[in-house]
Number of protein chains: 2
Amino acid sequence: MADTHALATLVQALKGLPGVGVKSASRMAFHLLQHDRATAMQLAQALSHAVAHVRHCERCHTFTEADICDTCADASRDHSQLCVVETPADQSAVERTGTYRGLYFVLMGKLSPLDGIGPHDIGLAKLRQRASEEGLREVILATNFTAEGEATAHVIAEMLKSLGLRVTRLARGVPAGSELEYVDLGTIAHALVDRR
Amino acid sequence: MADTHALATLVQALKGLPGVGVKSASRMAFHLLQHDRATAMQLAQALSHAVAHVRHCERCHTFTEADICDTCADASRDHSQLCVVETPADQSAVERTGTYRGLYFVLMGKLSPLDGIGPHDIGLAKLRQRASEEGLREVILATNFTAEGEATAHVIAEMLKSLGLRVTRLARGVPAGSELEYVDLGTIAHALVDRR
């Protein structure tokens with residue numbers, strides 16, 4: 001697209017975003033430069049600022065700009081419960097339900113041997129240490145219900161077994177609002193076994 | 001997603017990219033900050049650099065870092081032909097065919113009254129002036145074959161009528177490699193009328 005080096009570099013950089021190919025990157029570059037240079041500058045500043053200031057909470061590993069994130073620093077939360085999630089987006093989903101008042105541990109990933117992601121990459125040693133702290137009574141495993149998420153939950157459950165904690169997993173079952181006819185059989189089978 | 005202002009600002013800025021919603025923006029921000037801060041910095045620099053240096057060619061209106069783009073400055077090209085396209089990406093497509101050696105005029109858009117884009121926004125006055133220059137014999141209308149592109153081609157053709165130029169339009173017809181059974185009827189009808 002055109003002959004400018006600056007433009008080629010921009011398209012190349014936009015291609016580095018997940019889910020963006022060369023056509024989308026070209027379209028984005030064209031849109032930004034032709035119609036919305038203000039957004040381009042805002043994005044450049046937001047990127048620099050985030051890279052410079054966003055780091056990991058020392059307690060729960062989520063993104064924060066301080067040493068300890070607001071959630072971990074909140075004395076009014078229930079410090080006896082720890083919910084283990086894969087990403088900040090998952091944490092946000094649990095938080096938005098409004099039914100959980102405990103703390104979190106954010107793995108920032110999941111075990112995925114095929115992608116070379118092992119226990120060290122998702123901070124399991126740190127989680128074990130965090131789970132050994134006094135006052136903690138329950139660890140809730142809220143990793144995703146995918147193959148990797150299930151494996152991660154299993155490994156964590158095994159690891160925490162010896163600590164004398166209650167280790168629970170989010171309930172599996174029929175999603176709210178769904179019709180049985182359209183729910184996959186594995187889910188119905190689980191819902192039958194775990195009926196209450 | 002988490003509670004940091006820098007992250008929220010970044011997600012908001014990424015949402016400004018065309019075709020990116022809040023979920024994609026969150027995923028991009030997470031990926032950049034967790035796995036690829038180098039790409040984030042490259043993107044920030046590429047954006048700033050492009051915004052500062054990329055402007056429009058004084059002759060053909062495409063993106064360039066100089067006053068005149070390389071194509072317009074190329075004395076070996078055929079200065080008697082001018083190909084009118086909507087975007088630099090379209091120009092690149094024509095250029096990659098290797099069959100055109102003339103010059104270009106890039107509208108950087110198309111007439112689209114519903115979006116409030118009129119003749120002034122796509123530089124029709126400048127095109128008229130450019131088309132009046134000595135030595136030009138033919139203007140090839142290569143706007144897209146969409147409703148807006150066709151309308152734009154029609155308006156330009158009307159505008160240039162009085163200048164005594166040959167004004168042509170890219171041929172409509174059956175695309176290379178296609179089977180008639182699967183080509184839309186409008187295209188076949190055009191191909192029949194324009195048979196040669």
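Letters A, B, ... are given to chains in the order of the sequence lines, protein chains preceding strands, and every chain is numbered from 1.
Between chain B and the residues A:V106, A:L33, A:T9, A:V20, the most heavy-atom pairs under 4.5 angstrom are made by A:L33. For the set A:T87, A:L17, A:D90, A:L32, the count of heavy-atom pairs under 4.5 angstrom toward chain B peaks at A:L17. Chain B forms the most heavy-atom pairs under 4.5 Å with one residue out of A:Q34, A:H31, A:M41, and that residue is A:Q34. Interface check for chain A: of the options B:R55, B:Q42, B:M28, the most heavy-atom pairs under 4.5 Å are formed by B:M28. The candidate with the highest count of non-hydrogen atom pairs below 4.5 Å against chain B, out of A:A13, A:P18, A:G16, is A:P18.
B:V85 and B:L111 fall into different hydrophobic clusters, where Ile, Leu, Val, Met, Phe, Trp and Tyr are joined by side-chain heavy atoms under 4.5 Å apart, directly or via other members. Residue A:F63 is not grouped with residue A:L103 when hydrophobic side chains (ILVMFWY) are merged at heavy-atom distances under 4.5 angstrom, including chains of intermediate members. A continuous path of hydrophobic side-chain contacts links B:L141 to B:V155 [ILVMFWY only; heavy atoms under 4.5 Å]. Residue A:L136 is not grouped with residue A:Y100 when hydrophobic side chains (ILVMFWY) are merged at heavy-atom distances under 4.5 angstrom, including chains of intermediate members.
For chain A, the nearby parts of B:S48 are the backbone and the side chain; heavy atoms of each come within less than 4.5 Å.
B:H35 NE2: more than 12 foreign heavy atoms inside a 6.0 Å radius. Surrounding CZ of B:R172 are more than 12 heavy atoms belonging to other residues, nucleotides or ligands, all under 6.0 Å away. Heavy-atom contacts from other residues, nucleotides or ligands closer than 6.0 Å to CZ of A:R166 number 12 or fewer.
Checking A:V54, A:V51, A:L43 one by one against B:L10, the side-chain contact (heavy atoms from CB on, under 4.5 Å) holds for a single residue, A:L43.
The CD atom of A:Q45 sits 10.5 Å away from atom CG of B:L47, with the distance rounded to the nearest 0.5 Å. One distance of note links NE2 of B:H5 with NE2 of A:H53; it measures 11.0 Å at 0.5 Å rounding. Residue A:T62 holds its OG1 atom at 8.5 Å from CG of B:L7, rounded to the nearest 0.5 Å.
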